Amino acid sequence: QDCHDTPYGTVCDMKPADAAGASSASARAYLAYGKQDYPEAIRQAQLAVEQSPESPTMQRLLTITLASGNATQQAQAIERMNAELAQTPADVNLLMQRAYLRQRTHEFNAALEDFRAAQATGKAPPTVVLDEGYTLAAAGQKQQAVSTFKQAIDRSDSGDLSLSPEQRYNTRSAIAGLSREWGL
């Protein structure tokens, strides 16, 4: 906060987070990531790992920033996630993160496996079923995608899955669009 006296009393204004000064590499990495300056976020995360190589938090920060980089950096992120999942195969957050990255790199079948593995842990958000449906559609498995989306709507109707009005609308639109494509 930046506080100063005025004729009407003390007034405080909020300063942007980066104006406060980020003293650590990890803080600078988070700030750069928040600004979508991914090359800088990666550089700062690499520096943070150099400063604290044994820190799991810094290692995860580097993985997250690498996932937002170019194809080579994304491949490094996948390798890091694979190594981490070899140690903790039921890490739902890591499974979901790898699935989203695999979607971005058009590895739809691998992403589908990750979404299903995350769902099998019982700790994934219930809306993972929607991610699975969109991944099936992207993989060209449109009939299965429609079936998955219909199951999501049915689960929502029965109260087992909470969908916002926007999610429900998008799910119904996906069903309609995919049904038209393969001629239900």
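Owing to the predicted nature of the structure, the values given are computational and were not obtained by experimental measurement.
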>> Pair E107, T105 - check side chain to side chain donor-acceptor pair (under 3.5 Å), show working.
In response: CA-CA 6 Å; E107 299 174 52; T105 59; 2.9 Å; yes

> Salt bridge check: are R168 and D157 linked by an N-O gap of less than 4.0 Å?
Replying inline: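 Counted as a salt bridge, because a side-chain N and a carboxylate O are separated by less than 4.0 Å.
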
> Under a 4.0 Å N-O cut-off, is there an ion pair linking R43 with E40?
Replying inline: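 Salt bridge present between R43 and E40.
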
>> Can you tell me how far apart CG (L112) and CD (Q103) are? Round to the nearest 0.5 Å.
In response: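 So the CG of L112 and the CD of Q103 are separated by 9.5 Å.
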
> Distance from I175 atom CD1 to T148 atom OG1, nearest 0.5 Å?
Replying inline: 10.0 Å

Can you find a heavy atom in the side chain of [X] that is under 4.5 Å from one in the side chain of [Y]?
{"X": "L61", "Y": "Y30", "result": "yes"}
{"X": "Q143", "Y": "V146", "result": "no"}
{"X": "E84", "Y": "Q97", "result": "no"}

For [Y], does its backbone N or O pair with a side-chain atom of [X] as donor and acceptor, under 3.5 Å?
{"X": "S156", "Y": "A152", "answer": "no"}
{"X": "Q59", "Y": "P53", "answer": "yes"}
{"X": "T65", "Y": "L62", "answer": "yes"}

> Does the ring pair (Phe, Tyr, Trp, His ring centres under 6.0 Å) test come out yes or no for F115 and Y100, once each step is laid out?
Replying inline: CA-CA 9 Å; F115 283 131; Y100 292 131; 5.3 Å; yes

>> Which residue in the set T127, V129, L130 passes side-chain contact (heavy atoms from CB on, under 4.5 Å) when paired with T171?
In response: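 Only one option passes, and that is L130.
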
>> Restricting to side-chain hydrogen bond (donor to acceptor under 3.5 Å, both in side chains), what partner residues turn up for R102, sequence neighbours left out?
In response: D114

